[in-house]
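A short worksheet on the structure shown next.
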Amino acid sequence: MNTQEKLKAFQQRIDKGEKIEPKDWMPERYRKQLIRMMSQHAHSEIVGMLPEGNWITRAPSLKRKMVLLAKVQDEAGHGLYLYSATETLGVKRQNLVEDYLYGKAKYSSIFNYPTLSYADICVIGWLVDGAAIVNQTMLAKSSYGPYARANIRICKEESFHKKQGYEMLAKMASGSPDQQKMAQDAVNRWWWPTLMMFGPPDTESPNSAELIKWRVKSKTNDELRQSFVDRSVMEAQAIGIEIPDPDLKYNEETGHWDFGEIPWDEFWRVIKGDGPMNRERLKARRKAYEEGAWVREAAMEYARKKKLKEDKAS
Ligand code: FAQ
């Protein structure tokens with residue numbers, strides 16, 4: 001088959017809902033788009049451990065500490081499945097990691113905000129993991145097999161993360177006046193950055209059309225954002241939390257909640273590296289990477305020697 005015929009056959013497989021597997025033929029651009037998106041997703045899970053990890057030693061009880069430890073470890077696991085899934089596309093994990101630590105690769109904007117109180121930990125679980133679930137339930141149906149399968153498992157774990165955050169927030173929102181104030185303050189700070197997690201508006205999203213054509217994504221950024229707003233409004237009402245948006249209004253005609261203007265200038269600033277915590281996050285990740293070099297070297301050496309031994313024996 002010539003390239004045109006291969007492209008046509010590839011698109012037919014996608015349109016039939018078939019999964020593309022690592023050894024199948026794929027257009028170079030499909031491979032590149034997946035590497036970009038999957039590696040950004042992996043970096044986000046790893047950087048995403050920092051805002052919550054910062055509170056493990058200050059959890060308010062042993063139970064809360066155990067839950068938070070388990071959650072943060074899960075995020076590390078998500079990063080690892082996603083790096084492994086990205087490696088099936090023929091790239092090296094080390095290069096991917098170095099691209100975001102020392103180069104230009106992105107990670108989610110949301111992790112460039114500070115966690116100022118324990119209420120932020122509740123809100124990250126409820127809103128940030130909640131938004132991740134809306135996005136990743138779609139990605140669990142993605143056309144690329146390894147990415148879809150990684151997201152199925154990730155969503156199961158994110159669902160526990162969201163529940164623990166919502167349960168804690170509900171408790172805080174029905175606590176003393178000071179606790180209620182803390183809960184509302186955290187929601188006020190995290191609401192708009194969470195809406196930005198879904199990416200720019202559809203009119204300014206250069207990648208969406210291509211990703212949808214190839215069924216990597218099946219919904220646009222704005223569609224996912226709307227679905228997240230609709231469910232969050234109901235969840236907030238159920239626990240007496242206010243969404244900090246004076247323009248939030250139920251639209252009888254569309255059956256959705258209309259919401260106010262997202263501060264997009266802030267979004268673009270954050271993804272260009274100038275958010276409240278970008279420098280600190282990268283500094284912490286670089287330090288961990290550099291201090292862990294000896295572990296990587298030892299593991300590689302161990303694997304090399306083991307293989308030599310096995311080769312000799314066979
Ligand atoms: N942050 O053309 P589009 C989590 C960039 S995991 C930073 O619309 P696309 C779990 C985008 O890369 C959260 N950059 O792009 C957890 C592109 O730039 P590029 C991470 C962003 O790919 C919870 C440019 O803007 N999840 O939360 C963002 O169609 C708690 C134009 O954008 C994923 O990564 C952003 N928010 O849609 C962990 C899921 N939005 O690359 C710990 C996979 C856009 O051309 C604690 N990724 N950009 O230079 C996706 O679903 C998509 O890639 C989007 C962006 C939705 C992020």
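Atoms within each ligand, like the ligands themselves, are counted from 1 in listed order. Since this is a predicted model, take the numbers as computed values, not measurements. The residues of the chain are indexed from 1 along the displayed sequence.
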- Any cation-pi pair here, R296 with Y289, using under 6.0 Å and within 45°?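 The answer is yes; both the distance and angle limits are met.
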- List every atom of ligand 1 that sits less than 4.0 Å from any heavy atom of M196, numbering the atoms from 1 in the order shown and giving each element.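 In order of numbering, the contacting atoms are 36 (N).
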When you measure from [atom] to each heavy atom in [options], which option holds the nearest one?
atom: atom 10 (C) of ligand 1; options: H161, E158, K272, E157; result: E158
atom: atom 6 (S) of ligand 1; options: M138, E52, Q136, R36; result: Q136
atom: atom 42 (C) of ligand 1; options: R225, H41, E75, M37; result: E75
atom: atom 32 (O) of ligand 1; options: A131, G199, S205, P200; result: P200

Just need the protein heavy atom nearest to [atom], so name the residue and atom and give the distance.
atom: atom 36 (N) of ligand 1; result: S109 OG, 3.1 Å
atom: atom 15 (O) of ligand 1; result: N207 ND2, 3.4 Å
atom: atom 48 (N) of ligand 1; result: F267 CZ, 4.0 Å
atom: atom 19 (P) of ligand 1; result: K106 NZ, 3.6 Å
atom: atom 9 (P) of ligand 1; result: K217 NZ, 3.6 Å
atom: atom 56 (C) of ligand 1; result: F198 O, 3.6 Å
atom: atom 43 (C) of ligand 1; result: Y147 OH, 3.4 Å
atom: atom 51 (O) of ligand 1; result: N135 ND2, 3.0 Å

- Item | Side-chain heavy atoms of Q184 within contact of N188, under 4.5 Å |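 Of all side-chain heavy-atom pairs linking N188 with Q184, at least one is under 4.5 Å.
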- Query: Going by heavy atoms, is K71 under 4.0 Å from ligand 1?
  - Reply: yes
- Task: Measure the distances from the heavy atoms of L139 to every atom of ligand 1 and state whether one is below 4.0 angstrom.
- Result: yes
Which one holds for [X] and ligand 1: side chain close, backbone close, both close, or neither close, with close meaning a heavy atom under 4.0 Å?
X: F111; value: side chain
X: V270; value: neither
X: P206; value: both

Strictly below 4.0 Å, N to O, side chains only: are [X] and [Y] in salt-bridge contact?
X: E301; Y: K305; value: yes
X: D185; Y: K181; value: no
X: D24; Y: R13; value: yes
X: R215; Y: D15; value: no

Would you say [atom] has a protein heavy atom nearer than 4.0 Å?
atom: atom 54 (C) of ligand 1; answer: no
atom: atom 39 (C) of ligand 1; answer: yes
atom: atom 24 (C) of ligand 1; answer: no

- Message: Under 3.5 Å between any N/O of N221 and any N/O of ligand 1: does that happen in this structure?
- Response: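 N221 vs ligand 1: N/O contact under 3.5 Å present.
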- If you measure from CE on M172 to CD1 on I121, what distance do you get to the nearest 0.5 Å?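 Going from the CE atom of M172 to the CD1 atom of I121 covers 10.0 Å.
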All N/O donor-acceptor pairs, side-chain side in residues 268-276, below 3.5 Å, sequence neighbours left out:
residue	atom	partner	partner atom	Å
D274	OD1	R279	NH2	3.1

- Task: Take Y83 and H41 through the test ring pair (Phe, Tyr, Trp, His ring centres under 6.0 Å) and record every step on the way to the result.
- Result: CA-CA 9 Å; Y83 282 128; H41 191 170; over 10 Å; no
- Do H161 and Y166 have their ring centres less than 6.0 Å from each other?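 Not close enough - the centres of the two rings lie 6.0 Å or further apart.
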